[in-house]
Each structure stands twice: as C-alpha cells, then as structure tokens.
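Read through the structure below, which is laid out as structure tokens, and then see the notes.
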Amino acid sequence: MKIELDKTYNPREIETKWYEHWEKSGYFSPKVNAAKKPFVIVIPPPNVTGILHMGHALNNTIQDILIRWHRMRQEPTLWVPGTDHAGIATQNVVEKKLAKQNKTRHDFSREEFLSEVWKWKEEHGSTIVRQLRRLGASCDWTRERFTMDEGLSKAVREAFVRLYEKDMIYQGYRIINWCPRCHTALSDEEAPHKELEGMLYYIKYPVKGKTGEHITVATTRPETMLGDTAVAVNPKDERYHAIHHHKIILPLVDRELSVIQDEFVDPDFGSGIVKVTPAHDPNDFEMGQRHKLEFINVLNPDGTINEKGGAYAGMDRFKARKQIVEDLEAQGLLVKKVSHLHAVGHCYRCHTVIEPYYSKQWFVKMRPLADMAAKAVREQKVNFVPDRWTKVYLNWMDNIRDWCISRQIWWGHQIPVWYCDNKNCKPIVSRENPTKCPACGSAKLKQDEDVLDTWFSSWLWPFSTLGWPEKTPDLKCFYPTSDLVTASEIIFFWVARMIMAGCEFMGAAPFNTVNIHGTIRTETGQKMSKSLGNIIDPLDVIDHVGADALRFSLMMITGAGQDAFLSPEKFEIGRNFTNKIWNACRFVFMNMKTESFDNFELTAEKIKNLGWVDQWILSELNRSIDETNRALETYRFNDACGTLYHFFWHDFCDWYVELSKQKLSEKVFLHVLEKSLRLLHPLMPFQTEEIWQKLKLITKKDLGETISLAEWPVSNKSQVFDAAVKKAELLKDVVFLLRNFRAENDIDPKKGIHVAIDSQDALIKELSSEIKLLVRAEEVAFKSGVKGWLKVGVVKGAVVYVDASKDIDIAKRKKAIEDNVKKLEGYLKALDAKLANDDFKKRAPKEVYDGELAKQQESLQKLNHFKDEQKALETLS
RNA sequence: GGGCGAGUAGCUCAGUUGGUUAGAGCGCUACGUUCACAUCGUAGAAGUCACAGGUUCGAGUCCUGUCUCGCCCACCA
C-alpha cells in the first residue's frame, strides 16, 4: 500500500480527530494493576471562570508530558482533572453580569442568586475544560470533579467538623483583612502587600488641662483617628515620662484618651508616640487587648465612615482622610506631612486597598498543621523541584498565623454551623443539615451565613477527588499521588495547605514531588495579563501552528523552574520542527518499498551484520533515549526537547537521511523512525500518533492500537557501536573541511571536485563513497606522495588534497591559510606554556595532561602542513 | 528590613561533580530551489562569560565583596 503525506503538515483536523478517538477509547483511564505502582497527578484545578492562558498551557503541558511518559512506561497512570468554584472570582463575574441589568445580588434572595451562579457555571464553566483537550491534555475525564459537586462538598463538611471537634477551628473577633469592594474578609495570603508612596502625617493631640500643650503622633491613615482609644509610648522613653498620667484629647472627636506604656512602640520612629486604634490596626489590636482598651469600629463594610465617625459619617475612607487632614490643618493641629514609602495590602481579586477590620470570623489553628507539614518536607516525604523552594516553604511554615476561613459572600460552601433560636443553646456543628436543636429541641435553626474560603475545598483536592471521606477503591489505589506541578504563586495558598490537609486527614503527605515551574512573561518581562493587553493566546497559537508546536516551543524555551519570556516568534521553533518531522516521514514513506517491511524489529543477529552508518544511527538513537530519560527524570524538559530535536533533525535528517542514498538497511530506517515517534510522543502527541498510524498501515505491522499506549523505548547497550560513532566523526570532519573549502572558493555547487587523501588510517579508506556523495566529488583517491594538488587540511592525521588545476582563487586561499596559521600559533603558544608549567604536570590528572600533549602534537602537525602549503602556493603564483 | 532568582553572541537561553579553542535556537552574511522540507540546505561572521578581588596547575563553573534587573516575604505607626 502506498501512503502519502500532504506536502505541509496541517494540524487542525488531525488534532481534533485523534483527541476524540483517544478519549472515546478510554486510553486516559488507568489500567489498575495491583502489582504496579501507579503514577498519579491531580490537576491544579483552574477556576470555572478561567479561560486557557499561557500559564495554563505551560502547566498542563508539563503534566501531560509526565503523564504520557509514565503511561507509555506501562504504569497505571491517572491524571485527575477538574475545576475550582473560585468563590470571590466567580461571584464577581456574575455580579458584573447582573450590574449590566442594573441589579445587585441584593435584588435576589440568596437561593435565587445562587441559582444564577449555577446557571452561569453550566453555561460557561466548561470552557477551560474544552480548551485543555485542545492542548492534548490526557486527563481521565471520567473522573472529572468540581469543588462544589456533591462529593467534594461532603469532604469539606467532614474536614470542618473534624477540625472543629479537635478544637482546631474557632470563631472569634480579630483584625482581619477586609476588602471594601468585595465586602468580605480575606486571608493574609489573599491580601498581598504592595509598596505604595503614601504620606506620613504628624498630628498634634492636646494634653488635657494644659492649655497650649500637646503631644505629636504620626500616622499614614489619619481617618482611623476617629477610632483612637489611647496613645502609646515606650516605657523606657524618658522624653514622655512626664505625660504618663495625663489624659489626651482626641481632636475632631473630643474623646478623652489615656497614655499607655507598651514595649511595642519604637521611640525612634516618628515622634515616638503612637495613636492606638484597636479596631483598625493589627498592632493596635494587640495593644488594645493587652491594655483592655475600647474597640471602636468606625468603618462600614463598604469602606465608608460609619455613624461613630460623627461629621464624617457616610464619607468614603479616602475622602474622609483628605477632609480630616484639611480640618486638622485649619485648626493648626497638622504639624507636617512627609512622603512615606510603605507596604499596603491589596485584595488579590479586585486589587482594592484592603482595610484591617475588626470583626467576628472563623479561623483554623495553623501551628499543629504547620508542624506536621514542615516535618513531611524535612523528612523528604515531599520534595520540591527545584530544591530552592524548600526554604521558602519552611520559612512560611515557621511564621504561620491562623487562617481566616470565613467569607461574607454567597457562592461557596456555607459554613456547617447552625444557631438555635434560643440564644443559650450552643452552636450546632454538623456533617448533615440538622432539623432540630439537640439541646432544646427547637426546630428554629439558622445556618451561619458565611461561606468558606475557596482554598478550604482546594486543600482537600488530592484526596477529595478520589472519594474521601468514603473509603473508595480509587482512594486506596491512587493516594498519595506522585507529582504536583504548579507555579510558585500558589505555594502558600495551595501546596502548603494540601500538605497540611494530607497529613491531618489522610496521615500521609499528598504527593512525593512538587515541580515548581516558572512564570510566563512577555518579551519585556511583564506578567501577561488581560488588563495589560499583552496576552499571547495559546488557542491562537494552536490555531496557527498546532498544539504540538505550542507544546514543544514552550518546553524548548523554558529552563527548569525559570521564567519564560514569550513573543509570537518563539513558536516558530515548534512549527518548524513539526514541519521537519512531517517532511522527513513523508520522504521515508515515498521511498520505501512498502511490501518488505512487515517486520522491522531488530534482532541481535541482524544488528551485527549492519553497515556502519546503520550502526551509527542506532548508537545515536540509544544515546538519545538515555539522555531523554535522564532529562525527564530530573524535570529538565528543555533538555529532553533539545536532545530529541538534535537527534531527529541533525543526526537523523541531516546525516542519516542524506546518506540513505547509499546502501542502508530500510529496517533500521523504520526502526529508528518508529522509536523516534515514541520518544517524541509525550511532547508532541498529535502528530506522532498520526504518523505512527500511517506507519502501521504501510508496514502492515501490528504495533498496537495507539502510540499513546506503545511501550516507551528502552536503551540497549548492544546497539551502541563505538567504532561506528568514531567513523561518523571522521566522515563529518572530512566533509566539513571540503564543504568549507568549496564555499571559500566559490566553487559552483553543481561542479564536482577531485579529492585525494594521504593517510595511514585504514578507516578513512572505507568512506570514499560517503565523501563522494556528501561533498559532490568526482573521485576520492587514497594515495601518498600527492604532487601538484592543493593541500586543503589535515583531519586526524589524514592529509586532504584537492586538484589545484581547477578554478581556485589563490589569493583567497592564501588568506585562509594565513588565518589558520595565526590561530594555530596563538593556540600553540598557550598550550606550550601550559605544558611547560611543572605544577600542571605534577598536579593535573594524567588524562588531562596526556590530552593536552596530544592536542599539542596534532596542532603542530597541522601547523606544519599549512606552512608547507604556504610555500607551495608561493611557487604556484 | 529579610529571602530567592537572573546577568554568557544582536535576541532568547544551555553550560549537571572546576579540565579541549565556551555551545544551541532565532537573527545576520554569502551561496543554493532537478533534491522530503525555503516552515529548507550548505558555509560563515559574531562572546572582556556584569564588575573587583581570592582559592587553584587550571575558574563561566568554587569563595568574598560590589553593581544592575526581576520576584517573594515582612504588623514600624
């Protein structure tokens, strides 16, 4: 059967065709085999609101490579996919949609609003999941999960109740990060600090009963003074001993404040006196507790001043700040303002400046969890790749603070706590919805209105997706998972907490290896983001060059764990490579006598009788298999790409295919091609499958159903032939020399040249036909005492001549030789000095010394030949 | 304030325990389309390995310090 490939590779139909076939055929579901250790990855669940961006493309390509590689190694392989309900983000999206109809969520009941969100989820939530398929991600879609599906919601309740029962969840009044735009509390991780150029205001507070006397406090947030309930000084600060027992009058409000003494106050900062606002600053909160101060909250949830703010009530916090400064100035109480660089928390969802806010929230006690999780990493139950992240992780664990898990939004897992109508009854914390109060029997119960932090469901992901808390076969078989692949941004949010949850609920860390990859950036180093308009859309890239090219390009340019700087041109590397592979295969298919290849497995017997070129390419293949494995084992995907790129393009196409006009074994040809496709498959799944299937038809060989289940190549020492490799090196050297000579002398590419070689080496005499072919030589003669020809150069002791009666540009040749002589003389000078150094002779290993010596000999010989040639050219001209 | 990463060819980056004359891809220059592939081939030019010291027979690689860029963490108001 004659099978032809199209002239250029057209990924579009091929990709859709194969993905559908793979999924339908169930290749992505693991073949459970108790005797074999499974390889398992859980996907970092993208937000349901998400659309595939380059970061996802990178992240999921890495996972897919690992998964496909292990699958081909015939391990039971599972990649669990799914999406995250992304509480705040999703609610924001739906609220924005409602805003277009001039509505807010408060125009709906909670139930109505939630049904709007579910509706949105059903319509748009599968976008990213479809896009992952286009990338080629070989997830087991039969096991797809969602953080709010029934099973995972059950897991969330189970976790909450267990922690509550162990006294590791508590409710209390604390200062938390409050987003005035999202109207909710946030965890510390959700309120990253950003440096802002602000103002430090120095304000006079009058001392009571001492007209004209005042103290000066410094603050960056003057509006919080409305909630001041004390001023504080350091007890050791002698400047202020005199005022310890005085009362201070709070301007604008006329509240009477005591002076408290607290070690926290740094006498060297500002004036050395701190205004204390226990309800709006974490430090002041601590002081407030220590000194039993009053907590006055002056803010509404939306960031406006509340009724406690007197004249400023109703004003936005920033407007109030401006107004208060103006008013103080008018009263002569503003001493000065100086610009001041400080770090301010921002909401990670909407980037609004967060407000430290005193309110009642639910918290998880982190110390015991952190200790366990840190231990798991210290004992190498979990390993970070690259290793430098270990320190980052441990440092965070050491400085952990309790986790605020309640959110004042509607979309999410509602907190499983109910309050009885009878205020004297204790809250009911329950896995199931209770119908009546166990204490008083009342049926009037009200569930806590808050929902849990989205990450409270994500941290259970590695086992909740496998069925926990039920004891399912999947859980037993696939937990703990093998690798986790993610970006550094979510080490604290997610990775660290998953390790905690795994240790706490499963008694074992959830994965062995955490592979942290870099961030995708633009050419100029910016983060890619929609708002900056600097996105390169992976789906565009797939449309233009195909998923394989996208994947390969990404992997090729991303050093292990390093950030990747992208521009559209970067994807040409993958496009060109897919094209090269395609055309090489096209060539093979066009030239093979298809009838004779029903079997191209190589037996030891066959291999022994192969020609040296075949032996050489087999040697390179086996070396490449080893290198690829080493690269994949150490998560060096760019090395794996580089190895296979070089092998396929340069060894296979440039040399082997070029030499294929000589007598080569077509069996070896197909063998190498087929093995190459397997090696490339994890990187470029679509194209390799397409070609492999064609190969199957041509060879009529039963290779199996799909390349994605074909066995991963194993290297074989008996297929490495040092002599053949040496011979190839020699051939390449002679060919380079003569090609260079041709180019240097502008010899018409179509014109044959006459070559003579003077050498004692028998090996080179076996290369005449190859040399003829590759340098377009009319003849290659082996003889000594060549007279009247031009000496071109010396290769491993063999002197190479070309018939000088042809059109050689003598002047150019002279110049080339002169350059060579100069270079060689410089090199020899350095070598001579090195070898003359007694210390080098004494201390360097013998191999190194001998190596240098041999180099000296060879260079000397070359130099002499060039000098001879110079003389000969003199007589010629 | 603490920590991490990066600085190697015009650009993007490799360079694994120190040991050839420091590599690749892109770009550039010249030539080439009867060749599977011009998304190609052949050949070529191009580097003070950020800087300064040090260790060593030998440093891009190890040590110390400095500079530049980027990132993360941090309750000095």
Side-chain angles (χ1 to χ4, degrees), chain A residues 5 7-9 175 192-193 200 217-221 224 232 264-266 268-271 273-277 281-286 340 342-343 345 356 386 388-389 391-392 395-396 399 488-489 491-492 518-519 521 523 525 527 545 549 556-559 561-567 569-570 572-573 575-591 630 634 636 638-639 642 645-646 653-654 657-658 661 736 739-744 746-750 775 823-824 826-827 830-831 834 837-845 847-849 851-852 854-855 859:
Chain A
L5 300 180
K7 191 163 181 207
T8 48
Y9 174 54
I175 294 269
H193 287 79
L200 188 59
V217 298
T219 179
T220 53
R221 295 185 296 149
T224 61
F264 163 78
V265 180
D266 176 0
D268 295 329
F269 188 91
S271 62
I273 306 182
V274 184
K275 62 191 262 321
V276 184
T277 322
D281 183 280
N283 298 312
D284 295 5
F285 172 79
E286 306 263 327
H340 178 68
H342 62 153
R388 60 172 185 271
W389 296 107
K391 233 166 95 181
V392 176
N395 183 52
W396 186 75
N399 297 303
S488 60
E489 287 101 271
I491 290 180
F492 304 143
T519 303
R521 298 179 181 284
E523 248 176 323
K527 266 189 191 173
V545 299
M556 188 82 169
I557 62 178
T558 311
Q562 297 295 354
D563 289 355
F565 297 81
L566 287 188
S567 60
E569 307 84 63
K570 293 280 168 70
E572 286 173 13
I573 192 170
R575 180 199 61 182
N576 295 355
F577 191 41
T578 50
N579 189 253
K580 188 72 185 182
I581 295 171
W582 187 256
N583 276 291
C585 295
R586 185 166 167 250
F587 172 77
V588 173
F589 291 176
M590 277 163 62
N591 287 283
R630 209 165 350 174
T634 49
R636 301 171 68 101
N638 57 335
D639 281 358
Y645 183 88
H646 184 270
C653 293
D654 290 353
V657 172
E658 282 310 307
K661 283 148 200 165
F736 286 143
R739 280 178 178 169
N740 177 299
F741 177 78
R742 291 190 71 122
E744 202 173 79
D746 293 325
I747 296 173
D748 183 344
K750 293 190 192 75
V775 300
K823 223 164 133 188
L824 274 170
Y827 177 48
L831 258 184
K834 195 175 193 179
N837 184 339
D838 278 346
D839 283 332
F840 177 65
K841 191 171 179 181
K842 237 172 9 205
R843 303 193 191 200
E847 313 89 80
V848 173
Y849 182 82
E852 298 296 296
K855 273 185 277 176
S859 305

Residues forming a salt bridge (Lys or Arg N to Asp or Glu O under 4.0 Å) with D838(A), sequence neighbours excluded: none
By salt bridge (Lys or Arg N to Asp or Glu O under 4.0 Å), which residues pair with D654(A), not counting sequence neighbours? none
For [X], all residues meeting side chain to side chain donor-acceptor pair (under 3.5 Å), sequence neighbours excluded:
X: N399(A); answer: N395(A)
X: N837(A); answer: none
X: N576(A); answer: none
X: K855(A); answer: E852(A)

Can you name the ring pair (Phe, Tyr, Trp, His ring centres under 6.0 Å) partners of H342(A), sequence neighbours left out? H340(A)
Taking the [atom1] atom in each of [N] and [M], what is the distance between them to the nearest angstrom?
N: A24(B); M: A46(B); atom1: C1'; value: 14 Å
N: A6(B); M: U16(B); atom1: P; value: 12 Å
N: G15(B); M: U20(B); atom1: C1'; value: 15 Å
N: A30(B); M: A45(B); atom1: P; value: 15 Å
N: U12(B); M: G27(B); atom1: C1'; value: 11 Å
N: U68(B); M: C51(B); atom1: C1'; value: 11 Å
N: U48(B); M: C11(B); atom1: P; value: 12 Å
N: G18(B); M: C62(B); atom1: P; value: 8 Å

Is the shortest distance from a Lys or Arg side-chain nitrogen in D281(A) or R221(A) to a carboxylate oxygen in the other one below 4.0 Å? yes
Could you give me the stems involving RNA chain B, meaning stretches of three or more consecutive Watson-Crick or G-U wobble pairs whose two defining distances are both below 3.5 Å? B:1-7 with B:67-73, B:10-13 with B:23-26, B:28-32 with B:40-44, B:50-54 with B:62-66
What pairs of nitrogen or oxygen atoms, one from the protein and one from nucleotides 2-11 of chain B, lie under 3.5 Å apart?
from  : atom 1 : to      : atom 2 : distance (Å)
C4(B) : OP1    : K391(A) : NZ     : 2.7
G5(B) : O2'    : Q562(A) : OE1    : 3.4

Return whichever of K275(A) or P192(A) has its heavy-atom-nearest nucleotide of RNA chain B closer to the 5' end. P192(A)
On RNA chain B, does the nearest nucleotide to K580(A) precede the nearest nucleotide to D654(A) from the 5' side, or the other way round? Give the residue. K580(A)
